[in-house]
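So the structure is just underneath, and the comments pick up after that.
Because the structure is a prediction, the values reported are computed rather than measured.
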Amino acid sequence: VGGVPLLKPGMLGRAHLAVGSNRDMILLSRDALVLGGTQPVVYKIIKRETGTTVVPVLVELGVNFGDWIEVKGEVADGDQVVVVGNERLRPNAEVKIIETRNDRPKQ
């Protein structure tokens, strides 16, 4: 600006560089992960005529985007997963959906 460099000696800058090619991925809130077992798990919500239950889905973790993380497994775009209270769930537990969020990572 006006011939004066924006970065001066001793200052730090942060740059984001796009590396590699674009690819589709499933990103979930890191709060959806249940850690502590042999492999990370997320609880997917299953709606049935008899009620709403959850099933554990084993996932592999990928790249990290702040509060979001890539998961690989039996989770598809549009699936609902439990984000709050998931640490206390058991397979096929009945749940009541209190709030639904459609958060997306910032690009």
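Listed by first then second residue, pairs satisfying side chain to side chain donor-acceptor pair (under 3.5 Å) with a partner in residues 46-55 read Arg48-Thr53, not counting sequence neighbours. For residues 13-23, the pairs satisfying side chain to side chain donor-acceptor pair (under 3.5 Å) are Arg23-Glu70, with sequence neighbours left out.
Hydrophobic clustering of Ile, Leu, Val, Met, Phe, Trp and Tyr side chains at less than 4.5 Å, counting indirect connections, keeps Leu35 apart from Val63. In the hydrophobic clustering of this structure, Ile97 groups with Val54; members are Ile, Leu, Val, Met, Phe, Trp, Tyr whose side-chain heavy atoms approach within less than 4.5 Å, directly or through other members. Cluster annotation: Tyr43 and Val57 are assigned to distinct hydrophobic clusters (Ile/Leu/Val/Met/Phe/Trp/Tyr, side-chain heavy-atom contacts under 4.5 Å, transitive).
Checked against side-chain contact (heavy atoms from CB on, under 4.5 Å), Asp103 has the following partners two or more places apart in sequence or in another chain: Trp68, Arg101. The side-chain contact (heavy atoms from CB on, under 4.5 Å) check on Gln39 picks up Leu58, Glu60, with sequence neighbours excluded. With sequence neighbours left out, Lys8 forms a side-chain contact (heavy atoms from CB on, under 4.5 Å) with Val4, Met11. A search for side-chain contact (heavy atoms from CB on, under 4.5 Å) contacts involving Pro9 returns nothing, not counting sequence neighbours.
Residues Val41 and Pro56 share a closest heavy-atom pair of CG1-CB, 3.7 Å.
Here CG of Leu33 is found 5.5 Å from CG of Leu61. Values are rounded to the nearest 0.5 Å. A distance of 9.0 Å separates CG of Leu28 from CD1 of Ile69, quoted to the nearest 0.5 Å.
By the 6.0 Å contact criterion, CG on Asp67 is open, its count of non-hydrogen atoms from other residues, nucleotides or ligands being 12 or less. At most 12 heavy atoms of other shown residues, nucleotides or ligands fall within 6.0 angstrom of atom CD1 in Ile98.
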Show, in sequence, the C-alpha distance, side-chain angles and deciding distance for Val55 and Asn92, and conclude whether the side chain to side chain contact (heavy atoms under 4.5 Å, CB included) test is met. CA-CA 5 Å; Val55 293; Asn92 300 311; 3.7 Å; yes
Less than 3.5 Å apart, which donor and acceptor atoms pair up between the side chains of residues 79-90 and the rest of the protein, not counting sequence neighbours?
residue, atom, partner, partner atom, Å
Asp79, OD2, Ala76, N, 2.8
Asn86, ND2, Asp31, O, 2.9
Asn86, ND2, Ala32, O, 3.0
Asn86, ND2, Val82, O, 3.4

